[in-house]
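A note on names: the letters A, B, ... follow the listed sequences, proteins ahead of strands, and every chain is numbered from 1. Hydrogens, waters and symmetry mates play no part in the numbers below; they use all other heavy atoms, side chains included. Values in this document were obtained by computation on a predicted structure and should not be read as measured data.
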Amino acid sequence: MQHALSDLNLEQRAAVLHGDGPILVLAGAGSGKTRVITHRIARLIDDGASPRELLAVTFTNKAAGEMRERLIQLVGDRAWEMWIGTFHSTCARLLRQHAEHAGLSRDFTIFDDDDQKRVVTQLLKELNVSDRITPRGVLARIDRAKNAGEDLTRLPARDYVDDVARRVYPLYTARLARENAVDFNDLLLKVLRLLELPGLGESLSRRFSHVLVDEFQDTNRVQYRLVRHLARGTSNLCVVGDDDQSIYSWRGAEPRNLLEFDRDFPSARVIKLERNYRSSGHVLAAANAVIAKNPCRHDKALWTDRDAGEPILLEECHDERAEAEFVASAIQGLRAVENRTHGDMAILYRTHAQSRVLEESLRAARIPYRIIGGVSFFQRREVKDITEYLRLIVNPHADTAFERIVNVPTRGIGDTTLDRIRGHAVTGGLSLLEAARSCAAGAASALGPQARRKVESFVELMDSLRATVSSRARVSEILAQVIERTGYAERLEIEDKIDGPERLRNLHELVAAAAACDDEAGPEATPAGFLERVALVASADDKDGRQGDAVTLMTIHAAKGLEFSVVFLAGLEEGVFPALRGDGDLDHELQEERRLAYVAITRARDRLVFSHARTRRTYDEIRRNEPSRFIFDVPKECLAVRARPAARRPDLADRRHERRSMDDVDQTPAFEEPIYILDDEGEDPVFPPGARVRHKIFGIGQVQEGSGRGPDRKLTIQFPGHGKKTIVARFVEKV
DNA sequence: GTCGTCCCGGGTTCC
DNA sequence: CCGGGACGAC
């Protein structure tokens with residue numbers, strides 16, 4: 001076999017070689033699922049499948065790019081013919097081919113969150129609803145219904161927000177239709193509708209000989225239905241996923257798509273990949289122990305034949321600053337003692353808000369780092385402004401774009417003028433740009449001579465820019481002209497002394513991105529094509545990515561699919577991680593947090609460092625935080641704490657009102673002294689006497705006394721109505 | 001039209 | 001605490 005099957009274990013090989021018919025690959029973290037998918041595709045191609053009839057769906061563009069890269073190594077240039085992409089990019093491509101069947105013209109544009117929000121904000125204003133209703137809240141309802149593939153207007157309204165959402169929704173839909181635009185969910189829904197059409201649907205479902213879906217636990221209902229339809233012609237469907245890594249249920253993912261796959265496809269072959277190649281024994285044991293607490297899992301047990309490795313280092317810190325300083329010093333220690341590079345290391349946290357203090361310490365310690373996440377390049381104000389110009393130039397009906405840029409940079413077209421243009425648009429049934437043109441020509445007498453001239457020159461500007469599009473200029477050229485001729489660049493130079501240079505750089509980058517897109521697409525390059533890329537390819541991290549040897553900082557969510565030799569998991573505190581906001585089903589929330597912990601832990605190859613702070617400042621409020629329950633889930637033989645003199649760890653109560661000084665900072669380098677296993681001294685902090693706990697049968701009770709530590713600790717608990725019981729700690733949970 | 005001030009909200013995030 | 005959006009004053 002040409003693709004080194006000998007490198008694969010028996011299960012992996014079985015998945016790769018599985019012939020026709022549905023297959024479900026339950027791949028644990030670090031079990032080599034990417035290898036399985038790529039090898040399977042390579043195998044299909046070698047067996048004669050036409051690459052252009054193969055569809056592989058991933059969840060991020062990054063994953064798609066990596067898959068393509070690996071495939072090129074396996075099958076060479078044939079990989080380019082394959083359909084590899086996200087659900088959204090795949091659907092956008094299909095939708096463009098059949099736009100007329102979906103009531104769109106071929107050059108439709110895609111609304112991102114920002115566009116959606118602006119539309120809804122405006123509609124809320126028009127509807128005059130209470131200002132307690134936020135566009136975000138309304139959009140959440142709209143998106144939730146769309147994710148589930150349900151018609152919002154037919155769902156029962158459970159509260160006032162639902163009620164508003166139901167009124168907004170038809171207007172929102174009409175607005176998008178008028179602008180020849182779709183939102184992200186529409187991309188999927190409209191293709192789903194195409195697939196349900198009698199003739200076209202059938203031919204589309206025969207288009208692909210094989211469909212493969214990665215991260216299947218992340219699919220929502222609509223995506224699941226899409227997959228079923230696309231694979232209907234052949235039932236050659238291969239889905240790969242891990243229910244334990246389902247961390248996106250809050251955005252509509254339904255892990256039961258994975259869990260119940262074999263119910264919908266009874267003939268499916270199920271293959272489990274349980275051997276982990278990534279992590280050390282201790283790391284894997286910790287991950288297994290945490291996730292074992294979740295009920296309703298696909299039964300699987302990850303194992304490794306790697307050594308136990310180093311125990312997980314656990315550090316208790318005074319506050320979040322001390323934690324950040326500890327992390328920085330540990331990074332330096334690991335570099336010195338274990339020859340780790342900065343690039344080997346990642347710091348993971350539950351929320352972005354935690355990154356700032358970490359950044360400060362890293363900067364103070366002169367440790368290079370990069371942060372993944374935050375505002376993406378294409379969402380930045382200046383970039384968005386210019387791309388909205390492009391959208392309006394291409395599509396005169398793009399009212400949302402018109403509203404955004406008509407006075408950016410300011411050109412004397414204020415609210416009054418704009419209101420008159422809007423009014424004229426409504427009465428004449430015109431788009432805003434058409435209405436502006438009409439006003440400039442003197443149609444609406446309401447405009448004063450000054451305003452009229454200003455509107456006129458804006459319309460002329462748009463016309464002349466539009467002429468560059470008709471002359472088939474490159475997209476990068478059009479953008480460059482927009483930046484120049486609208487006076488946008490000039491205004492930045494003059495007025496924004498602080499952020500101006502940075503923003504100008506971003507605009508140059510935008511032009512460069514367009515140029516790259518032009519080169520890639522060749523004569524096919526169109527503004528619509530570029531706008532699609534802007535909407536679908538969030539390449540914010542491309543720019544900052546990989547440059548030099550730097551520590552990576554990111555949220556756990558962003559870390560999924562990645563691995564590092566050393567992983568720091570910071571902020572392991574109740575209320576931080578698990579976060580548990582409690583606005584939904586607490587049980588489900590906790591289970592998802594546990595999966596998140598599982599994902600975080602399994603990112604580590606060799607070394608894992610846990611840290612938590614006893615007090616943490618959030619929103620200018622200092623709070624005491626208990627250590628995360630996840631710490632206590634980890635078997636204690638996997639954990640190590642740094643031995644420190646007791647004097648160094650003063651009780652918080654003694655110094656609550658004292659200012660922090662350098663004395664508080666532990667100056668000991670983290671790795672220049674031996675590490676001791678957690679000792680048995682002191683009270684277990686999780687279930688101290690007096691703690692309130694819940695038992696499945698006896699309900700809520702209070703701990704009277706206890707012996708031992710961790711999950712095996714024996715507790716004497718007083719339950720009202722049941723009396724005193726002796727119960728092992730693992731059977732109760734903290735209230 | 002622009003600037004200052006007040007008020008509110010503040011998870012995770014891809015497309 | 002911090003930023004963004006809304007609103008009032010020039």
Side-chain angles (χ1 to χ4, degrees), chain A residues 57-64 85-93 110-118 121 125 131-132 134-137 140 143 146-147 182-189 214-215 218-220 222-223 246-253 320 348-357 372-376 378-379 381 407-418 450-451 454 495 532-541 554-561 571 575-584 589 592-593 595-597 599-600 616-622:
Chain A
V57 185
T58 59
F59 268 78
T60 63
N61 285 296
K62 199 169 162 233
T86 60
F87 273 104
H88 292 84
S89 67
T90 304
C91 286
R93 202 168 151 190
I110 300 162
F111 271 23
D112 63 18
D113 308 341
D114 196 58
D115 302 314
Q116 285 183 297
K117 206 177 134 211
R118 266 156 45 222
T121 305
K125 229 177 255 169
D131 56 0
R132 293 208 333 277
T134 62
R136 264 184 72 123
D143 279 338
K146 281 187 161 184
N147 278 330
V182 294
D183 64 23
F184 287 125
N185 283 320
D186 287 336
L187 282 174
L188 310 186
L189 284 166
D214 194 11
E215 307 281 16
D218 287 340
T219 51
N220 64 29
V222 171
Q223 289 163 335
S246 163
I247 55 175
Y248 286 112
S249 67
W250 50 272
R251 70 172 197 216
E320 78 280 358
L348 307 185
Y349 36 77
R350 179 66 179 80
T351 66
H352 284 301
Q354 292 167 251
S355 69
R356 224 167 83 178
V357 63
I372 308 288
V375 187
S376 100
F378 291 110
Q379 309 249 355
R381 194 174 67 206
N407 203 30
V408 177
T410 51
R411 45 171 76 88
I413 303 176
D415 278 342
T416 329
T417 311
L418 201 47
Q450 228 181 336
K454 282 173 174 162
E495 284 173 12
E532 174 177 319
R533 184 177 286 227
V534 168
L536 293 182
V537 184
S539 63
D541 39 30
M554 61 187 148
T555 62
I556 301 166
H557 282 93
K560 195 167 84 156
V576 177
F577 187 32
L580 298 183
R581 281 234 287 199
D583 48 2
E589 275 180 37
E592 182 134 325
E593 296 289 309
R595 291 191 291 265
L596 202 48
V599 168
R616 183 174 294 271
R617 192 187 201 102
T618 30
Y619 307 142
D620 202 31
E621 185 185 39
I622 296 174

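- A distance of 4.5 Å separates CG of A/Leu187 from CD1 of A/Ile110, quoted to the nearest 0.5 Å.
- Under 4.0 Å is where a charged nitrogen must lie from a carboxylate oxygen, and between A/Asp186 and A/Lys146 at least one such pair does.
- Judged by distance alone, with hydrogens and angles left aside, A/Gln354 brings no side-chain donor or acceptor close enough to the base of B/dG11 to form a pair under 3.5 Å.
- For A/Tyr248, no side-chain nitrogen or oxygen approaches OP1 or OP2 of B/dG11 to under 4.0 Å.
- Remark: side-chain polar atoms of A/Gln116 are not paired, donor with acceptor, to backbone N or O of A/Phe111 under 3.5 angstrom.
- Within the nucleic acid shown, A/Glu215 has no heavy atom closer than 4.0 Å to any nucleic acid atom.
- Distance A/Lys62 NZ to B/dT13 P: 14 Å, rounded to the nearest Å.
- Side-chain nitrogen and oxygen atoms of A/Arg356 include at least one within less than 4.0 Å of the OP1 or OP2 phosphate oxygen of C/dC2.
- A/Glu532 places no side-chain N or O within donor-acceptor distance of the main-chain N or O of A/Ala92, the cut-off being under 3.5 Å.
- Within the 4.0 angstrom heavy-atom criterion, base atoms lie near A/Tyr619.
- Within the structure, a side-chain polar atom (N or O) of A/Thr410 is placed less than 4.0 Å from OP1 or OP2 of B/dT2.
- A donor N or O paired with an acceptor N or O is not found under 3.5 Å between the base of B/dC15 and the side-chain atoms of A/Asp112.
- In this structure, the CZ atom of A/Arg350 is 15 Å from the P atom of B/dG10, given to the nearest Å.
- When rounded to the nearest whole Å, the span between CD of A/Glu621 and P of B/dG10 equals 15 Å.
- When heavy atoms are screened at a 4.0 angstrom cut-off, A/Ile622 is found touching no nucleic acid atom at all.
- A sub-4.0 Å separation between OP1 or OP2 of B/dC15 and a side-chain N or O of A/Asn61 is present.
- You'll find that the side chain of A/Asp620 is closest to C/dC1, out of B/dC15, B/dT13, C/dC1.
- Separation of atoms OH (A/Tyr349) and CZ (A/Phe577) is listed at 14.0 Å; rounding is to 0.5 Å.
- Distance A/Leu596 CG to B/dT13 C1': 12 Å, rounded to the nearest Å.
- OP1 or OP2 of B/dG10 has not a single side-chain nitrogen or oxygen of A/His352 nearer than 4.0 Å.
- Of the possible polar contacts, one joining the A/Thr58 side chain to the A/Thr60 backbone as a donor-acceptor pair under 3.5 Å is found.
- In this structure, A/Asn407 places its CG atom 7 Å from P of B/dT2, rounding to the nearest Å.
- Among the nucleotides B/dC15, B/dG10, B/dT12, the one closest to the side chain of A/His557 is B/dT12.
- Phosphate proximity of B/dC15 to A/Ser89: absent, as no side-chain N or O sits under 4.0 Å from OP1 or OP2.
- The OH-C1' distance, from A/Tyr349 to B/dT13, rounds to 14 Å in whole Å.
- Ranked by how close their nearest DNA chain B nucleotide is to the 5' end, A/Thr416 and A/Arg251 are led by A/Thr416.
- Following rounding to the nearest Å, A/Asp183 (CG) and B/dC15 (P) show an atom-to-atom distance of 16 Å.
- Protein atom CG of A/Asp415 is 14 Å distant from nucleotide atom C1' of C/dG8, rounded to whole Å.
- Among the nucleotides B/dT13, B/dC14, B/dG11, the one closest to the side chain of A/Trp250 is B/dT13.
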